[in-house]
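Contents: one structure, followed by commentary.
Throughout, protein chains are lettered first and strands after them, A, B, ... in sequence-line order, and every chain is numbered starting at 1. Note that the structure is predicted; figures quoted are calculated from it, not measured. Reckoned from all heavy atoms, side chains included, excluding hydrogens, waters and symmetry mates.
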Number of protein chains: 2
Amino acid sequence: MSLNGIFPIDQWDFQSRSILMELSDADQARLMMHAREEHYQKGDVIFREGAMATGIYFIQSGMVKKYKIGNEGQEHIFYVAGAGEFIGYHAVLADECYPDAAAALEESVLSYIPAADFLEVITTSPNLSKMLLKVLSHEFTVFTNNVSAFAQRPVKERIAIALIILREKFKRSVADGQPVLIRVSRDDIANMAGTTRENVARTLTEFRQEGILSTHGRKIEVTDIRRLADISNFPD
Amino acid sequence: MSLNGIFPIDQWDFQSRSILMELSDADQARLMMHAREEHYQKGDVIFREGAMATGIYFIQSGMVKKYKIGNEGQEHIFYVAGAGEFIGYHAVLADECYPDAAAALEESVLSYIPAADFLEVITTSPNLSKMLLKVLSHEFTVFTNNVSAFAQRPVKERIAIALIILREKFKRSVADGQPVLIRVSRDDIANMAGTTRENVARTLTEFRQEGILSTHGRKIEVTDIRRLADISNFPD
DNA sequence: TAGTAAATTTGATTTTTATCACATCTCTAA
DNA sequence: TTAGAGATGTGATAAAAATCAAATTTACTA
């Protein structure tokens, strides 16, 4: 079941995957010239908030959470990036330290691309430059949605949104037609929705009783995506 | 009193003001070639969410709120832009409809710049392109701060943040040393902080009693910015 | 495969925030 | 200058969400 017509998933997705695909072979080669392959286990930190940004990362496989740590140590996950997406480019482009941290949600393989290579290709390829402007501008849409959701929507709706997004991310690593099993801890879901694990557990129970999803051990399978989209309360 | 060392205001400011300043005279001229001056009264809508983006705006004077309208009609203000800032460029760059709406917070004069002129200068000026990448990347920092604040911070802290940001915006139109009077409705503050006008009124009373601010009619004067920054609970 | 630590779930309770109702204040326009 | 609409402030109450305190389940590991 696609989300077409029931939830505007593109407004919640950075779509940085499109960058590499639209690049010429020559530019791709230059970008990856000194790329270094790095392997991360579930939970491994890729970079921390406030660290110097020396390069960007391309996700070859796996899944990565982007998050900030609050004053009292609470983690807030504001984006989950999957295979084909880049991370860490904001800091390099803005010439700032990383404003956020990134960690592997599952076993992942990333390519580390030195800042110099990235900046060089930008300078010489008007195409990449234009692509990036487009991607970064689109992120604005994603973030306005995010901020508004957190500022105004109740916890149940936010959990529904988090589940829809996660399902979409996990769908990509599953053969068509196969059930999509979301493998994420309740804590991570809580940190995405800006609530507590207890509230997530309660809400999942409620959704299960209403036939919206089923759980297999810790894994979550959404069985009625349309109803979930209804609960998320998005017009689209 | 500056915010240096007590609050990271740059992490809450888009800094798009820098764009025009760094542009060569020739590029500026080309950008403004067909610019049209538009006057807006307080409350006037500049563009609406979902409208086709046919151009961008440069704020000559005044103040503009960027906001989204929620399902139940609640307005959420996620940014206040002042003189020297651009608005509406995300939609043009991403080739999308406006993801948000903009309206004048006070009498304002804007220059409307047709999309074609903007895009043309981008294509021919690597400088503008680079500036924009930097600004857009910085906005990412601003938004992660915003989202995290809404996801995790209590109402009182969010109101403190809103007041600090508003004071900073109003400071720019006040002679040095003169008191900064924040002229914004309680509703607008509530819509910035993601709460209700009643909570804003109560919190303002509390702040007044603690000597953090004083009110002159509907205007707010922050008298102890340091304490306000303390309450906002930012490490910086 | 049993044992166990960690993760999840559930219930009770407290805290925070929103809502409702209405009093009071402010500013504008006649 | 003054009426009065609209904005703001306050108190009481309701609703939402967080916290606290166990049970129970799950997924490893020995």
Q. NA contact type, R158(B), heavy-atom cut-off 4.0 Å: base, sugar-phosphate, or nothing?
A. nothing
(Q) Among dT17(C), dT8(D), dT9(C), which nucleotide has an atom closest to any side-chain atom of N199(B)? (A) dT17(C)
**Q.** Of R183(A) and Q209(B), the one whose closest DNA chain D nucleotide lies more 5'
**A.** Q209(B)
(Q) Can you tell me if R208(B) touches the phosphate of dG9(D), counting only side-chain N or O atoms and a distance under 4.0 Å to OP1 or OP2? (A) yes
Q) Where the side chain of S185(A) is concerned, which of dC27(C), dT8(C), dT9(C) is the nearest nucleotide? A) dT8(C)
**Q.** Modelled atom types, side-chain donor and acceptor of E85(A) and Y79(A), under 3.5 Å
**A.** yes
Q: Evaluate the criterion salt bridge (Lys or Arg N to Asp or Glu O under 4.0 Å) for residue pair K65(B) and E75(B); output intermediate values, then yes/no.
A: CA-CA 11 Å; K65(B) 63 180 172 186; E75(B) 175 177 308; 2.8 Å; yes
Q.
Among dG6(D), dT10(C), dG9(D), which nucleotide has an atom closest to any side-chain atom of R218(B)?
A. dG6(D)
Q) Are the side chains of V147(A) and T144(A) in touch, meaning some heavy atoms are under 4.5 Å apart? A) no
(Q) Run through DNA chain D and report every stem of 3 or more consecutive Watson-Crick or G-U pairs, distances under 3.5 Å, ordered by first number. (A) C:1-30 with D:1-30
**Q.** Selection from dG11(C), dA17(D), dT17(C) that lies nearest to any side-chain heavy atom of R202(A)
**A.** dG11(C)
Q: Specify the separation, in whole Å, of atom NZ of K219(A) and atom P of dT26(D).
A: 11 Å
Q | Rounded distance in Å - CG (L213(A)) to C1' (dT8(C)) | A | 15 Å
Q: Rounded to the nearest angstrom, tell me the gap between atom CD1 in I159(B) and atom C1' in dT16(C).
A: 13 Å
(Q) Can you classify the ring geometry of H76(B) versus F150(B) as parallel (below 30°), tilted (30 to 60°) or perpendicular (above 60°)? (A) perpendicular
Q. Within this structure, what is the NZ-to-C1' distance between K156(B) and dT15(C), rounded to whole angstrom?
A. 14 Å
Q) Taking 4.0 angstrom as the limit, do D100(B) and K66(B) come out as a salt bridge? A) yes
Q. Between F14(A) and F140(B), how do the two ring planes meet: parallel, tilted or perpendicular, split at 30° and 60°?
A. perpendicular
Q) When you check the gap from the basic side-chain N to the acidic O, do E106(A) and R183(A) get nearer than 4.0 Å? A) no
Q: Send over the distance from I220(B) CD1 to dG9(D) C1', rounded to a whole Å.
A: 13 Å
Q. Does the ring of F234(B) carry R153(B) above it, NZ/CZ under 6.0 angstrom from centre and within 45° of its axis?
A. yes
Q. Taking for each residue the nucleotide of DNA chain D bearing the nearest heavy atom, is the 5' side occupied by T215(B) or by R153(A)?
A. T215(B)
Q) Of the nucleotides dA18(C), dT10(D), dT8(D), which one has an atom closest to the side chain of E198(B)? A) dT10(D)
Q. Of the candidate nucleotides dT8(C), dA21(D), dA18(D), which contains the atom at the shortest distance from the side chain of R186(A)?
A. dT8(C)
Q) Taking atom P of dA17(D) as reference, at what distance in whole Å does atom CZ of F150(A) sit? A) 13 Å
Q. In whole angstroms, how far is the C1' atom of dA16(D) from the CD atom of E157(A)?
A. 13 Å
Q: Would you kindly give the CD1-to-P distance between I189(B) and dT8(D), to the nearest whole Å?
A: 8 Å
Q) For T196(A), which contact category applies under a 4.0 Å heavy-atom criterion: base, sugar-phosphate, or nothing? A) base
